[in-house]
**Q** 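Here you go, one structure.
Counting convention: from 1, in listed order, for ligands and their atoms alike.
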Amino acid sequence: METLNVALGERTYSIHVGQGLLEQSELLLPILRQPKVAIVSNTSIAPLYLQRLVSSLKKADIETSTIILPDGECYKNWETLNLIFDQLLAGHCERSTTLMALGGGVVGDITGFAAACYQRGMPFVQVPTTLLSQVDSSVGGKTAINHPHGKNMIGAFYQPKLVLSDTDVLNTLPERELRSGLVEVIKYGLIRDLPFLVWLEDHLERLLKREPAALEYAILRSCQNKADVVMADEHENGERALLNLGHTFGHAIESGMGYGQWLHGEAVAVGTMMAAELSQRLGWISASDVVRIKQLLERVGVPVTGPAMATEKYLQLMQNDKKVQDGRIRLVLFKQVGQAMLSAMATPTEIAGAIEANTRHV
Ligand code: NAD
Ligand code: GLY
């Protein structure tokens with residue numbers, strides 16, 4: 001097991017990454033305020049891993065209750081959030097009970113938001129089960145639900161007390177989900193870690209084959225990148241926005257096409273191509289840089305061209321992005337490959353051009 005720390009003063013916490021961590025509930029003991037944990041999972045993950053986790057908690061003399069949500073991005077909403085509150089209240093959970101998310105980014109984001117709100121805040125632990133959640137969503141304390149008008153529009157910054165990433169669980173992850181998660185891994189290389197990008201170009205096939213050592217290295221390096229950014233800018237007043245590479249375009253695809261139709265990483269891959277195209281049009285990166293990014297995403301096997309959605313619809317949905325300031329869209333663009341910047345320089349016409357260049361035309 002390897003451990004990283006996210007140093008945020010009194011909100012400091014550890015990220016443990018390794019094999020067999022679901023069976024190591026004693027790792028929780030230092031952070032529990034009472035020996036009682038409510039586990040939130042979903043109908044797909046619970047049959048695979050819930051019993052293993054519950055048995056291990058019981059062995060450590062920790063009382064458990066479970067809350068099972070429907071599976072899917074389309075359930076990351078107010079109604080599902082209320083299901084969590086209903087069951088926490090019915091189970092007489094207190095402010096010092098720990099809420100634990102066992103699942104991917106959907107379960108993690110909604111559970112974290114529930115933890116932030118229940119009795120004005122209860123301790124929260126992330127047990128991420130997708131590659132995407134192990135490298136990104138479980139770290140950094142962004143919690144949220146979606147709104148029909150925009151993705152992750154209702155939420156809170158609320159840090160977990162602990163992240164337990166058991167790499168064994170990735171063996172059951174559907175292929176499409178693995179590929180989607182790899183997009184968020186590549187993101188770190190593209191925005192701030194060029195040597196990691198080169199490593200990914202050299203070792204991608206090992207990751208696609210789920211080689212444990214390669215996966216563990218990629219997860220740890222991603223988490224270290226994310227932790228560094230979050231430690232410098234927890235509440236996204238600056239650098240943290242760079243973690244949103246491709247997300248403004250991608251979120252428009254996710255909400256515009258109906259939540260769950262496009263996986264988050266797939267939409268971000270297309271958004272990354274749109275950001276690259278725009279950066280080239282602004283003269284910041286070369287055509288060969290754009291090809292380099294495209295080739296890596298194509299090797300991952302994710303889409304690099306967006307759905308046939310009207311450009312006006314993209315622009316309208318992009319106006320709901322959390323980075324919009326004074327009505328102006330701010331985008332994460334490439335200063336160079338391996339170095340991103342936040343910019344409000346692109347005009348709506350230039351943004352529309354980059355969207356159209358990467359959209360499937362029917
Ligand atoms: P997800 O949570 O929907 O999980 C993907 C699918 O895989 C689901 O069907 C799930 O049930 C299944 N699954 C999960 N683990 C499994 C396993 N080990 N074996 C078999 N099946 C498994 O999707 P995701 O990609 O993990 O997360 C996407 C969400 O994360 C989006 O809502 C996105 O907005 C959010 N996100 C949040 C942050 C953040 O900082 N909070 C960052 C990135 C993404
Ligand atoms: N995934 C973006 C962030 O955590 O800031």
**Q** Could you find the nearest protein heavy atom to atom 23 (O) of ligand 1 and give me its residue, atom name and distance?
**A**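 Looking only at protein heavy atoms, the one closest to atom 23 (O) of ligand 1 is Gly105 N, 4.1 Å.
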**Q** Give yes or no for whether the N/O distance cutoff of 3.5 Å, strictly under, is met between Tyr49 and ligand 1.
**A**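 No, no N or O pair falls under 3.5 Å.
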**Q** Heavy atom under 4.0 Å from ligand 1: found in Lys142's side chain, backbone, both, or neither?
**A**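 Both parts.
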**Q** Check each of Asn42, Asp71, Ile110, Val135 against atom 9 (O) of ligand 1 and report the one with the nearest heavy atom.
**A**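 That would be Asp71.
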**Q** Looking only at distances, please establish whether an N/O atom of ligand 1 is found under 3.5 Å from an N/O atom of Ser180.
**A**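 Ser180 vs ligand 1: no N/O contact under 3.5 Å.
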**Q** Could you tell me if any non-hydrogen atom of Glu184 lies under 4.0 Å from any atom of ligand 1?
**A**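 For ligand 1, residue contact (heavy atoms, under 4.0 Å) with Glu184 is present.
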**Q** Less than 4.0 Å between a side-chain N and a carboxylate O, is that true for Lys187 and Asp136?
**A**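 Looking at Lys187 together with Asp136, the answer is yes, because their closest N to O distance falls below 4.0 Å.
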**Q** Run Asn225 and Asp193 through side chain to side chain donor-acceptor pair (under 3.5 Å) and show every step you take.
**A** CA-CA 8 Å; Asn225 270 294; Asp193 190 352; 2.9 Å; yes
**Q** Does a salt bridge link Arg11 with Glu234, judged by any charged N lying under 4.0 Å from a carboxylate O?
**A**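 Yes.
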**Q** Could you tell me the residue and atom name of the protein heavy atom closest to atom 1 (P) of ligand 1, and the distance to it rounded to 0.1 Å?
**A**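 Going atom by atom, the protein heavy atom closest to atom 1 (P) of ligand 1 ends up being Val106 CG2, 3.9 Å.
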**Q** Pick one of side chain, backbone, both or neither for how Ile45 approaches ligand 1, counting any non-hydrogen atom pair under 4.0 Å.
**A**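 It is the side chain that gets close, since no backbone atom is under 4.0 Å.
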**Q** Hydrogens and angles aside, do Asn358 and Thr305 bring a side-chain donor and acceptor to less than 3.5 Å of each other?
**A**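 The answer is no; no qualifying pair exists.
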**Q** I'd like to check which ligand 1 atoms, numbered from 1 as shown, lie under 4.0 Å from a non-hydrogen atom of Lys151.
**A**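 Contacts of ligand 1 toward Lys151, numbered from 1: 31 (C), 32 (O), 33 (C), 34 (O).
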**Q** Going from CG on Asn237 to CD on Glu239, what distance comes out if it is rounded to the nearest 0.5 angstrom?
**A**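 Interatomic distance, Asn237 CG to Glu239 CD, rounded to 0.5 Å: 12.0 Å.
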**Q** Does Pro174 approach ligand 1 within less than 4.0 angstrom via side chain, backbone, both or neither, non-hydrogen atoms only?
**A**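 The answer is the side chain.
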**Q** Within the structure provided, determine whether Leu278 and Glu350 are in side-chain contact (heavy-atom separation under 4.5 Å).
**A**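 Yes, close enough: below the 4.5 Å cut-off.
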**Q** For atom 40 (O) of ligand 1, what's the nearest protein heavy-atom neighbour? Residue, atom name and distance, please.
**A**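 Looking only at protein heavy atoms, the one closest to atom 40 (O) of ligand 1 is Lys226 NZ, 3.4 Å.
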**Q** What atoms of ligand 1 come within less than 4.0 Å of a heavy atom belonging to Leu132?
**A**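 Every atom of ligand 1 under 4.0 Å from some heavy atom of Leu132: 24 (P), 25 (O), 27 (O), 28 (C), 30 (O), 43 (C), 44 (C).
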**Q** Just to verify, what does Tyr217 make a ring pair (Phe, Tyr, Trp, His ring centres under 6.0 Å) with, not counting sequence neighbours?
**A**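 So Tyr217 forms a ring pair (Phe, Tyr, Trp, His ring centres under 6.0 Å) with Trp199.
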**Q** Return the residue, atom name and 0.1 Å-rounded distance of the protein heavy atom closest to atom 43 (C) of ligand 1.
**A**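 For this ligand atom, the closest protein heavy atom is Asp136 OD2, 3.6 Å.
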**Q** Scan side-chain atoms only and decide if Glu177 and Thr130 contain a donor-acceptor pair under the 3.5 Å cut-off.
**A**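 No donor-acceptor contact under 3.5 Å links the two side chains.
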**Q** Return yes or no for this condition: an N or O of Val169 is under 3.5 Å from an N or O of ligand 1.
**A**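 Such a contact does occur with ligand 1.
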**Q** For ligand 1, find out whether one of its N or O atoms is nearer than 3.5 Å to an N or O atom of Val139.
**A**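 By distance alone, the answer is no.
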**Q** CD1/Ile110 to OG1/Thr143 distance, rounded to the nearest 0.5 angstrom?
**A**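 Rounded to the nearest 0.5 Å, the CD1-OG1 separation comes to 10.0 Å.
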**Q** Looking at Arg240 and Asp233, would you say the former's side chain and the latter's main chain have a donor-acceptor pair under 3.5 Å?
**A**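 Absent.
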**Q** Looking at ligand 1, does any of its N/O atoms fall within less than 3.5 Å of an N/O of Ser133?
**A**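 The answer is no, given that Ser133 and ligand 1 share no N or O pair closer than 3.5 Å.
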**Q** Any idea which protein heavy atom is nearest atom 4 (O) of ligand 1, and the distance to it?
**A**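 The closest one turns out to be Thr130 CG2, 3.6 Å.
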**Q** Under 4.0 Å between a side-chain nitrogen and a carboxylate oxygen: does that hold for Lys142 and Asp109?
**A**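 Asp109 and Lys142: not salt-bridged.
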**Q** Taking it one step at a time, do Ile293 and Leu297 satisfy side-chain contact (heavy atoms from CB on, under 4.5 Å)?
**A** CA-CA 6 Å; Ile293 297 167; Leu297 293 172; 4.1 Å; yes
**Q** Using side-chain heavy atoms (C-beta onward) and a distance below 4.5 Å, is Arg328 in contact with Val324?
**A**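 No; the side chains remain at least 4.5 Å from each other.
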**Q** So which bit of Asn146 gets within less than 4.0 Å of ligand 1, heavy atoms only: side chain, backbone, both or neither?
**A**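 No part of Asn146 is near ligand 1 at this cut-off.
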**Q** Do Asp109 and ligand 1 have an N or O pair less than 3.5 Å apart?
**A**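 By distance alone, the answer is yes.
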**Q** For atom 22 (C) of ligand 1, which protein heavy atom lies nearest, and how many Å away is it?
**A**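 Nearest protein contact, heavy atoms only, for atom 22 (C) of ligand 1 is Leu173 CD1, 3.8 Å.
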**Q** Identify, for atom 15 (N) of ligand 1, the protein heavy atom at the shortest distance, and state residue, atom and that distance.
**A**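 Of the protein heavy atoms, Thr129 OG1, 2.8 Å lies nearest.
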**Q** Looking only at protein heavy atoms, which one is nearest to atom 19 (N) of ligand 1, and what is the separation?
**A**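 Protein heavy atom at minimum distance: Thr172 OG1, 2.7 Å.
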**Q** Between the protein and ligand 2, are there any N or O atom pairs that come within less than 3.5 Å of each other, and if so, what are their names and distances?
**A**
| unit_1 | atom_1 | unit_2 | atom_2 | d |
| --- | --- | --- | --- | --- |
| ligand 2 | 1 (N) | Asp136 | OD1 | 3.2 |
| ligand 2 | 4 (O) | Lys226 | NZ | 2.5 |
| ligand 2 | 4 (O) | Arg240 | NH2 | 2.8 |
| ligand 2 | 5 (O) | Lys142 | NZ | 2.9 |
| ligand 2 | 5 (O) | Arg240 | NE | 2.7 |
| ligand 2 | 5 (O) | Arg240 | NH2 | 3.4 |

**Q** Would you say Thr143 has any N or O atom under 3.5 Å from an N or O of ligand 1, going by distance alone?
**A**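 No, Thr143 has no N/O under 3.5 Å of an N/O on ligand 1.
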**Q** Is any NZ, NE, NH1 or NH2 atom of the basic residue among Arg52 and Glu23 found under 4.0 Å from an Asp or Glu carboxylate oxygen of the other?
**A**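 Looking at Glu23 together with Arg52, the answer is yes, because their closest N to O distance falls below 4.0 Å.
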**Q** Can you tell which part of Ser44 has a heavy atom less than 4.0 Å from ligand 1: side chain, backbone, both or neither?
**A**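 For Ser44, only side-chain atoms sit under 4.0 Å from ligand 1.
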**Q** Over 60° means perpendicular and under 30° means parallel, so tell me whether Trp78 and Phe113 are parallel, tilted or perpendicular.
**A**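 If you compare the ring of Trp78 with that of Phe113, the planes turn out tilted.
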**Q** Which of parallel (below 30°), tilted (30 to 60°) and perpendicular (above 60°) describes His264 and His247?
**A**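 Judged by the thresholds at 30° and 60°, the geometry between His264 and His247 is perpendicular.
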**Q** Just wondering, more than 12 heavy atoms not from Lys161 lying within 6.0 Å of its NZ?
**A**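 Atom NZ in Lys161 is not packed in, count stays at 12 or less.
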